Protein chains: 2
Amino acid sequence: MKPTLQAVADAVGVSRSTVSNAYSRPDQLSSALRERILDAARQLGYPGPNPTARSLRRGFVGSIGVLFTSQLSYAFTDPFAVRFLAGVGAAAERHGTSMLLVPLPPAQTDARRAVENAAVDGFCVYCVADEEWALDVIRQRGLPFVSTAARDDAGPDERFVGIDERAAARGVAAHVAGLGHRRVALLADSVLLDAPAGPLTLSGVHEVGHPTTRGRLTGFADAFAEVGVEWAELTLLNARSNSREAAAAAVAGLFDRPTPPTAVLAGSDVLALGVLDALAERPAGRRPPVSVTGFDDVPEAAAAGLTTVRQPAEEKGRIAAELLLDPPVDAAAGHVLLPTALVVRASTGPVPRS
Amino acid sequence: MKPTLQAVADAVGVSRSTVSNAYSRPDQLSSALRERILDAARQLGYPGPNPTARSLRRGFVGSIGVLFTSQLSYAFTDPFAVRFLAGVGAAAERHGTSMLLVPLPPAQTDARRAVENAAVDGFCVYCVADEEWALDVIRQRGLPFVSTAARDDAGPDERFVGIDERAAARGVAAHVAGLGHRRVALLADSVLLDAPAGPLTLSGVHEVGHPTTRGRLTGFADAFAEVGVEWAELTLLNARSNSREAAAAAVAGLFDRPTPPTAVLAGSDVLALGVLDALAERPAGRRPPVSVTGFDDVPEAAAAGLTTVRQPAEEKGRIAAELLLDPPVDAAAGHVLLPTALVVRASTGPVPRS
DNA sequence: GATCCAGTCTGTATCGATTCAGAGACTAGC
DNA sequence: GCTAGTCTCTGAATCGATACAGACTGGATC
């Protein structure tokens with residue numbers, strides 16, 4: 001077995017406290033003794049204070065948790081999530097804090113346990129769809145957290161960093177509407193829990209569970225309502241996940257309808273790229289000139305010429321971690337709204353006259 | 001303050017052990033009592049057993065550490081590292097284990113501390129340049145680890161997953177040599193600690209510190225030695241980091257030499273893409289037809305038409321985590337060599353006759 | 001009626017450190 | 001020479017749980 005702090009103390013003939021001080025508070029003992037202790041420790045193969053025991057006694061861990069909606073392995077396939085993580089990592093780095101990525105098992109009971117058992121000082125909650133249960137567990141544990149999805153029932157002291165989803169979405173939709181498009185499809189992932197891929201009918205946008213998706217779809221609807229296109233006239237498409245493949249599957253058959261949409265507004269760049277994939281796969285003769293928009297402006301979007309909404313991904317992660325690591329004294333400062341910008345590229349154009 | 005397990009015990013009028021059992025070993029008490037305890041816990045706002053205390057007593061943490069050479073925030077910009085992380089994440093997910101990403105401060109003393117203080121059950125060590133000190137700390141702590149860089153002094157019980165860097169590099173270099181190229185530049189990052197960007201003279205490849213880089217450069221040299229081009233005739237270029245920008249900086253001026261190389265072999269796709277960037281930025285008239293190769297076959301390589309060596313990134317991460325999470329009984333099985341393949345695309349071509 | 005056993009629950013030791021009040025020794029100042 | 005102050009170091013209390021060896025109960029077995 002590895003020697004403990006006590007073993008070192010015995011070897012040198014000092015008290016446990018003194019050995020502890022040799023590691024954590026060098027100013028509390030003479031440097032001669034300190035050297036003697038460190039030497040003995042080296043000799044014995046003592047690996048330094050046990051991190052777990054130290055955390056227990058000190059009352060904090062020195063790492064922050066990052067919680068993802070989906071499977072952890074999916075998170076790495078989503079370029080936006082990766083940029084977000086990079087931001088969290090940069091901030092964690094500066095604070096000498098580690099990041100704990102906690103995978104959530106599919107069963108909710110197990111997922112609760114996972115959040116309960118995470119040894120962290122706080123959480124960055126990345127857009128967990130139907131995240132309420134997770135926030136409950138975190139609150140129950142008395143841990144601080146920062147959420148990236150605006151929630152209606154957020155307490156005044158709850159920290160948040162994100163964008164005005166609705167306004168941003170409205171912006172890109174207004175651009176498409178301005179180009180003359182009126183037959184439009186909206187594409188989003190997990191519109192409803194366990195909904196099949198493809199067209200979906202909802203009485204209204206309020207039925208959408210995921211707050212971020214709801215915000216974006218609401219913004220889309222806003223812009224079209226303004227030009228006289230009601231919610232019921234919009235085609236709503238569900239993707240089973242936020243991936244190009246799922247998006248391609250969701251638009252299957254869409255362009256073979258008698259009156260296909262002339263534009264598809266996607267809830268993320270990844271989905272939009274999937275739509276472009278689906279279009280590219282059609283034989284050249286049957287490739288309608290559909291306008292497509294995304295959301296996020298991930299690196300791939302520029303290469304694909306995708307019109308989209310830019311939001312600062314890395315910044316979001318960085319600020320999330322910073323709000324967690326040194327909380328602003330002013331509660332209002334704990335609520336950060338990031339800027340967005342409409343980025344017009346080649347994937348949108350005027351509606352073709354037929 | 002949050003109530004402890006003891007508080008719940010007192011409230012129900014049972015012993016602490018029983019409350020502990022209610023959470024961790026439900027078969028050890030009647031379900032009626034268990035319900036009563038869980039109810040009381042809910043009432044009191046008890047968040048469940050403290051993860052840190054539990055880890056201390058149990059002797060394990062339930063999370064594995066991932067160690068990166070470089071800044072944690074850089075890791076997320078490297079597509080290969082991201083795929084690796086995805087693999088680790090997938091395996092961790094299956095085992096119900098969390099991943100701890102430990103940022104290493106620049107100062108070595110601090111970095112040691114960071115590794116010493118990480119509350120984990122083991123480490124996946126991702127290609128830490130000059131990683132020896134880190135492995136020492138891990139060994140000292142008595143923790144298991146899996147390395148992704150082959151080391152000459154690896155103990156027989158030390159686990160490893162990776163590729164035959166030298167053979168793979170030799171393969172792609174042989175392809176380039178086969179195309180007739182003889183004036184060739186080799187580009188790698190951190191060839192020597194703190195070397196400047198650009199040309200570098202080394203008496204031999206053995207001087208290269210980073211084992212992965214050394215392996216690849218050796219393979220390149222092997223292939224050219226076979227066609228009669230000696231090490232001293234090869235141009236060695238150092239990039240300050242593994243990024244497109246650094247690569248572009250490293251090849252500055254290279255193509256304006258009196259006898260510029262006709263091919264550049266890069267130690268990674270990211271570097272190779274940087275070389276292509278640099279070439280693309282030159283005015284069309286002064287853009288020599290240079291062959292460029294990468295290494296890794298990251299997603300971006302295909303789009304850029306880059307000739308490269310494919311290695312299974314996600315698989316590497318997955319296996320690394322699995323070797324850690326359930327160690328093979330057979331020591332030989334703890335040493336996994338993954339397959340590689342030469343992927344020829346448009347970025348290489350026959351040497352132009354001048 | 002004694003014995004055994006399974007099912008529940010308790011008590012104590014333990015995991016490996018940090019903290020903090022205070023004990024001694026020594027120096028300085030008056 | 002005495003008081004105050006500074007440096008070092010010690011001891012006991014504490015962080016919040018889990019493990020394990022029993023104690024007790026009630027029923028089945030012979």
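A quick note: this is a predicted structure, and the numbers were derived from the prediction, not measured. Within every chain, numbering begins at 1; the chains are lettered A, B, ... in the order of the sequence lines, protein sequences first and strands thereafter.
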Could you please spell out the steps behind the salt bridge (Lys or Arg N to Asp or Glu O under 4.0 Å) verdict for Arg139(B) and Glu132(B)?
CA-CA 10 Å; Arg139(B) 269 189 286 257; Glu132(B) 242 0 278; 3.1 Å; yes

Identify the two heavy atoms, one from Leu67(A) and one from Ala134(A), that lie closest to each other, and give their separation to 0.1 Å.
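That closest heavy-atom pairing would be CD2-CB, 4.0 Å.
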
Checking contacts here: which listed nucleotide (dT8(C), dC9(D), dA17(C)) is nearest the side-chain heavy atoms of Arg16(A)?
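Nucleotide nearest to Arg16(A)'s side chain: dA17(C).
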
Presence of donor-acceptor pair under 3.5 Å, side chain of Thr18(A) and base of dT8(D)
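Under the 3.5 Å cut-off, the side chain and the base do not form any donor-acceptor pair.
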
Return yes if the base of dG11(C) and the side-chain atoms of Ser15(B) contain a donor-acceptor N/O pair under 3.5 Å, otherwise no.
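Under the 3.5 Å cut-off, the side chain and the base do not form any donor-acceptor pair.
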
Using a cut-off of less than 4.0 Å, is there contact between a side-chain N or O of [X] and OP1 or OP2 of [N]?
X	N	value
Ser24(A)	dT18(C)	yes
Ser17(A)	dG11(D)	no
Arg25(A)	dT19(C)	yes

Nearest-Å distance, [atom1] ([X]) to [atom2] ([N])?
X	N	atom1	atom2	answer
Gln28(A)	dT19(C)	CD	P	11 Å
Leu29(B)	dT18(D)	CG	C1'	15 Å
Arg141(A)	dG16(D)	CZ	P	13 Å
Lys2(A)	dA17(C)	NZ	C1'	17 Å

Looking just at side-chain N and O atoms, do Gln6(B) and Asp10(B) make a donor-acceptor pair shorter than 3.5 Å?
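Asp10(B) and Gln6(B) do have a side-chain donor-acceptor pair below 3.5 Å.
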
Taking Asp39(A) first and then Arg36(A), would you say they form a salt bridge - that is, a charged N and a carboxylate O separated by under 4.0 Å?
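No, Asp39(A) and Arg36(A) are not salt-bridged.
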
Should the pair Glu314(B)-Arg318(B) be classified as a salt bridge under the 4.0 Å nitrogen-to-oxygen rule?
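Arg318(B) and Glu314(B): not salt-bridged.
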
Listed in order of residue number, which residues of residues 37-65 of chain B have a non-hydrogen atom at under 4.0 Å from DNA chain C?
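Within residues 37-65 of chain B, the residues near DNA chain C are Leu56(B), Arg57(B).
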
Would you call the rings of Tyr23(A) and Tyr46(A) parallel, tilted or perpendicular, where under 30° means parallel and over 60° means perpendicular?
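Perpendicular: the ring planes of Tyr23(A) and Tyr46(A) meet at over 60°.
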
Within the structure shown, what part of the strands sits under 4.0 Å from Gln6(A) by heavy-atom distance: base, sugar-phosphate, or nothing?
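No contact.
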
